[in-house]
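Below: one structure, written as structure tokens.
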2 protein chains.
Amino acid sequence: MKLSTAEENYLKAIFKISEKAKKSASTNAIAKQLSTSAASVTDMLKRLAEKELINYEKYKGVTLKVAGIKQATQLIRKHRLWEVFLVKKLRFSWDQVHEIAEQLEHIESEELIMRLDAFLDYPKFDPHGDPIPNADGKFTIRSQTPLSDMHKGQEGMLVGVKDHTTEFLKYLNSLNVKLGTMITVIDSVPYDGSMSVNLDNKNVIMITATVAQNLLIRKV
Amino acid sequence: MKLSTAEENYLKAIFKISEKAKKSASTNAIAKQLSTSAASVTDMLKRLAEKELINYEKYKGVTLKVAGIKQATQLIRKHRLWEVFLVKKLRFSWDQVHEIAEQLEHIESEELIMRLDAFLDYPKFDPHGDPIPNADGKFTIRSQTPLSDMHKGQEGMLVGVKDHTTEFLKYLNSLNVKLGTMITVIDSVPYDGSMSVNLDNKNVIMITATVAQNLLIRKV
DNA sequence: AATAATTTTTAGATTAATCTAAAAATATAT
DNA sequence: ATATATTTTTAGATTAATCTAAAAATTATT
């Protein structure tokens with residue numbers, strides 16, 4: 001089924017909200033995610049329900065039906081593959097690619113995505129460390145822990161970031177923190193959750209709890 | 001100025017029609033080019049005139065203003081760069097890229113196009129031999145003749161095709177005719193304009209006038 | 001130049017996606 | 001459990017882009 005850009009964006013928003021909250025998505029949550037009004041969301045939910053893409057009962061929130069999940073994961077696949085292209089081939093920085101990929105993900109061509117995937121050597125993760133679903137919608141799973149959950153002396157590699165905003169990523173750039181950076185917890189302050197960490201066994205920096213929560217580590 | 005996809009498509013259509021006919025574009029010609037109704041065209045022309053992108057007087061046809069030409073050439077630039085990407089990097093055949101490039105050309109990001117251009121090594125021509133305008137909108141000019149205008153004994157290299165339809169390009173594939181193929185006129189029949197031509201000094205084939213008109217040759 | 005044919009525009013609708021404001025339903029708090 | 005707050009839906013408009021059918025203007029033909 002061919003969907004409009006708007007419809008695709010709603011499906012993706014519902015997918016992301018349900019994934020994070022692990023329950024049905026509310027009208028307001030969707031409105032917030034898409035920066036639109038609750039009334040617009042209600043309108044669109046009716047149309048998506050009509051097309052059998054979502055389960056929707058008035059006042060009860062929505063979940064995706066199988067067809068909706070398929071569409072959403074394909075969209076995420078496209079988005080993340082394009083991000084890899086932008087960073088690996090066009091040498092964009094990881095903080096510049098989101099908006100462009102938001103546009104590219106709506107290009108419709110199966111063949112294009114198959115070839116792009118091959119051209120990029122079938123990447124499993126995007127430039128922010130998020131898993132790229134394969135053509136069947138399967139995500140690669142990887143054990144990872146927020147840095148904020150690690151204890152003094154523990155060590156690991158940065159494999160992902162939770163916050164994708166330009167500001168956060170630029171801050172990481174300024175600290176010279178990137179995917180692959182080795183991080184060791186030197187000290188953590190129970191009072192405010194801030195931490196001292198060693199980067200690549202070279203320099204020690206201090207980060208706040210908020211930052212630590214947004215860094216995903218694969219322990220060694 | 002940020003334009004909608006529809007507006008961009010109208011500007012491109014007007015550009016192409018005026019370029020070919022070397023005069024103002026009529027409502028019907030635009031409608032035909034875009035497979036839409038004349039009424040829709042009139043509506044859109046009013047809006048484009050309002051935005052100062054075209055010169056439009058009722059019943060008189062339209063021409064592009066400077067701002068409209070700029071938009072149209074940038075669109076053509078994007079389309080042709082994406083076609084190069086699809087053929088050179090993703091290994092699509094030249095008969096498969098048009099529709100995908102029609103979508104990609106509407107992606108909005110100056111930075112993306114600058115980087116894509118560099119990634120592709122600043123190509124001057126697309127996979128069909130059409131010139132790619134540079135960032136300033138300048139086209140590279142090249143002397144070329146339709147094969148149909150050449151005479152017995154004349155020789156040259158195929159540098160472009162006028163017809164971009166899948167059917168025509170697939171027919172050329174079947175003849176093993178591609179950009180770069182050397183073509184010598186063995187014989188031409190005045191009665192119907194058909195020709196016998198030698199390809200790469202290997203084999204001789206017969207083509208109709210229609211085909212010959214759509215093959216652009218740079219004479220040696 | 002008058003008439004016929006063609007082209008273009010207008011009038012009036014339609015659809016998708018959005019909005020604000022008001023009403024209705026649900027959830028929360030005393 | 002009743003009142004209050006919050007969330008969600010409905011009602012009614014708006015905008016961009018499209019359509020068909022009819023009217024108006026232009027162009028072509030005898």
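Throughout, a chain's letter reflects where its sequence line sits, starting with A, and its residues are numbered from 1.
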Between Asn28(B) and Ser26(B), a side-chain donor and acceptor under 3.5 Å: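 No.
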
Donor on one side chain, acceptor on other, Trp94(A) and Asp126(A), under 3.5 Å: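 Trp94(A) vs Asp126(A): no donor-acceptor pair found between side chains.
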
Just call it for [X]: base, sugar-phosphate, or nothing, with non-hydrogen atoms closer than 4.0 Å on any strand.
X        : result
Thr27(A) : sugar-phosphate
Lys46(B) : sugar-phosphate
Ala38(A) : base

Identify, between Met44(A) and Tyr59(A), the residue whose nearest nucleotide on DNA chain C lies closer to the 5' end.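 Result of the comparison: Met44(A).
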
What are the 5'-most and 3'-most nucleotides of DNA chain C lying under 4.0 Å from any heavy atom of chain B?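 It runs dT7(C) to dT10(C).
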
So which heavy atom on Arg80(B) is nearest to which on Pro131(B), and how close?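 So the minimum-distance heavy-atom pair works out to NH1-O, 2.6 Å.
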
Can you name the side chain to side chain donor-acceptor pair (under 3.5 Å) partners of Arg47(B), sequence neighbours left out?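 Not a single residue meets the side chain to side chain donor-acceptor pair (under 3.5 Å) criterion with Arg47(B).
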
Within residues 206-215 of chain B or reaching into it, pairs that qualify as side-chain hydrogen bond (donor to acceptor under 3.5 Å, both in side chains) - sequence neighbours excluded: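 Applying side-chain hydrogen bond (donor to acceptor under 3.5 Å, both in side chains) to every pair that reaches into residues 206-215 of chain B, excluding sequence neighbours, yields nothing.
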
Side-chain heavy atoms of Leu215(B) within contact of Phe168(B), under 4.5 Å: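 Result yes, sub-4.5 Å side-chain heavy-atom pair found.
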
